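Encoded as structure tokens, the structure appears first; notes follow it.
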Protein chains: 2
Amino acid sequence: MKLTSKGRYAVMALADLAQFDSINPVSLRDISLRQGISLDYLEQIFLKLKKNQIVKSIRGTHGGYVLSKKPNEIKLNNIFYAVDEKVKTVQCKKESKKGCNGKATKCVTHNLWDELETHINSFFEKKSLEDLLKENIERRI
Amino acid sequence: MKLTSKGRYAVMALADLAQFDSINPVSLRDISLRQGISLDYLEQIFLKLKKNQIVKSIRGTHGGYVLSKKPNEIKLNNIFYAVDEKVKTVQCKKESKKGCNGKATKCVTHNLWDELETHINSFFEKKSLEDLLKENIERRI
DNA sequence: ACATTCCTGACTAAATTGGTCAAGTATAGA
DNA sequence: TCTATACTTGACCAATTTAGTCAGGAATGT
């Protein structure tokens, strides 16, 4: 099981945005410099965040991105979902001759991953961007 | 985030073992046939399970593998740990100039993955091989 | 006009996954 | 003792995924 950088970058970038977008849109260039993430890679990530209505874009000279919701309304699972960082559980294939095929002999792991998915999602559903920022401020003190 | 087949196979194989090892050791060949898992791949997996004292091996003609503990003493996180199916979170590199470097400006995701790890492990720690088998029997009824 | 910034698709090196292949060693039973 | 069975170990490999890079374009403020 693995959590990739893409999801981490998305969270970092959005946290950055949440701190700086109060008045002006924030350019990816700024985020790239502050967070040390490749600009080209950020563009890919923000394309997905935009498609999922997590951010809005403003083009042009002083353009950039702005959160489209309040930080407390953006849950981490929204972010991960947006950048395709899903909890992919390797399911038993239905075509398989042995094991899982709808018969009485279902393989023992058949429902296990579903349970785990629910468990992990509940963790991410509870946590918002705002929570994350608060925790960070607390740790600094 | 992804759960790989290796962990799933390990769980399936051990569940198989738990059902059949009451008297005689179970050969990987049998498990391979019953569960539809490649024999060569099973060998790699059982090598690790053995190193982690989850199974014992008996060589020779009627040899095979046996659980080295009772099914209720083998938790799923023991299994996943044994086959290197850890919750690998992509941490912020310490060498990175920006962000996480021990200074006041820790990146916001710094402790997030640790929390998640704890959360996931608590799920696997609670669940034993025996629980899994019970659930499976219940579902059949 | 032109610099800035978003937008999009194509490409790629490295790592991981899910195996296969080959060559052992140990043991039980005939 | 011979032999089949089954564990043991290491090397190898194709397909996929990841974490980017590269190149060009389109919109917009100054």
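Chain identifiers are assigned alphabetically (A, B, ...) following the order of the sequence lines, protein sequences preceding nucleic acid strands; residue numbering begins at 1 within each chain. What you see is a predicted model; the values in this text were computed from it and never measured.
- Listed by chain and number, the residues in a side chain to side chain donor-acceptor pair (under 3.5 Å) with B:Asp16 are B:Arg34, B:Gln35 (sequence neighbours excluded).
- Comparing B:Gly63 and A:Ser38 along DNA chain D, the residue whose closest nucleotide (by nearest heavy atom) sits nearer the 5' end is B:Gly63.
- When the side-chain nitrogen and oxygen atoms of B:Lys50 are compared with OP1 and OP2 of D:dC7, none of them lie within a distance under 4.0 Å.
- Sorted by first and then second residue, the pairs that involve residues 36-49 of chain B and meet side-chain hydrogen bond (donor to acceptor under 3.5 Å, both in side chains), not counting sequence neighbours, are B:Lys48-B:Asp84.
- For the pair B:Pro25/B:Val66, a side-chain contact is recorded, criterion being any heavy-atom separation below 4.5 Å from C-beta on.
- In this entry the distance linking CG of A:Leu47 with P of D:dA26 reads 16 Å, nearest Å.
- Contact between the side-chain N/O atoms of B:Thr4 and the OP1/OP2 oxygens of C:dG18 is found at a separation under 4.0 Å.
- Using a 4.0 Å heavy-atom cutoff across all strands shown, B:Val26 reaches sugar-phosphate atoms only and no base atom.
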Would you list the atom pairs, donor with acceptor, under 3.5 Å between side chains in residues 123-131 of chain B and any protein atom, with sequence neighbours excluded?
{"unit_1": "B:Lys127", "atom_1": "NZ", "unit_2": "A:Glu115", "atom_2": "OE1", "d": "2.4"}
{"unit_1": "B:Lys127", "atom_1": "NZ", "unit_2": "A:Glu115", "atom_2": "OE2", "d": "3.4"}
{"unit_1": "B:Lys127", "atom_1": "NZ", "unit_2": "B:Glu135", "atom_2": "OE2", "d": "3.2"}
{"unit_1": "B:Ser128", "atom_1": "OG", "unit_2": "B:Glu130", "atom_2": "N", "d": "3.3"}
{"unit_1": "B:Ser128", "atom_1": "OG", "unit_2": "B:Asp131", "atom_2": "N", "d": "3.2"}
{"unit_1": "B:Ser128", "atom_1": "OG", "unit_2": "B:Asp131", "atom_2": "OD2", "d": "3.2"}
{"unit_1": "B:Asp131", "atom_1": "OD2", "unit_2": "B:Ser128", "atom_2": "N", "d": "2.9"}

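- Remark: B:Ser5 is in phosphate contact with C:dG18, judged by side-chain N or O atoms under 4.0 Å from OP1 or OP2.
- Checked against C:dG18, D:dC7, D:dT8, the side chain of B:Tyr41 finds its nearest nucleotide in C:dG18.
- Using a 4.0 Å heavy-atom cutoff across all strands shown, A:Phe46 reaches no nucleic acid atom at all.
- When the side-chain nitrogen and oxygen atoms of B:Tyr65 are compared with OP1 and OP2 of D:dA6, none of them lie within a distance under 4.0 Å.
- Among residue pairs with one or both ends in residues 72-82 of chain A, none qualify as side-chain hydrogen bond (donor to acceptor under 3.5 Å, both in side chains); sequence neighbours excluded.
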What string of B, S and - do you get for nucleotides 21-30 of chain C, 5' to 3', when a contact is any protein heavy atom under 4.0 Å? B---BSBB--
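- For B:Lys56, the side chain to side chain contact (heavy atoms under 4.5 Å, CB included) test picks out B:Ser68, with sequence neighbours left out.
- Computed from coordinates, the A:Ile45 CD1 to C:dC6 C1' distance equals 15 Å when rounded to whole Å.
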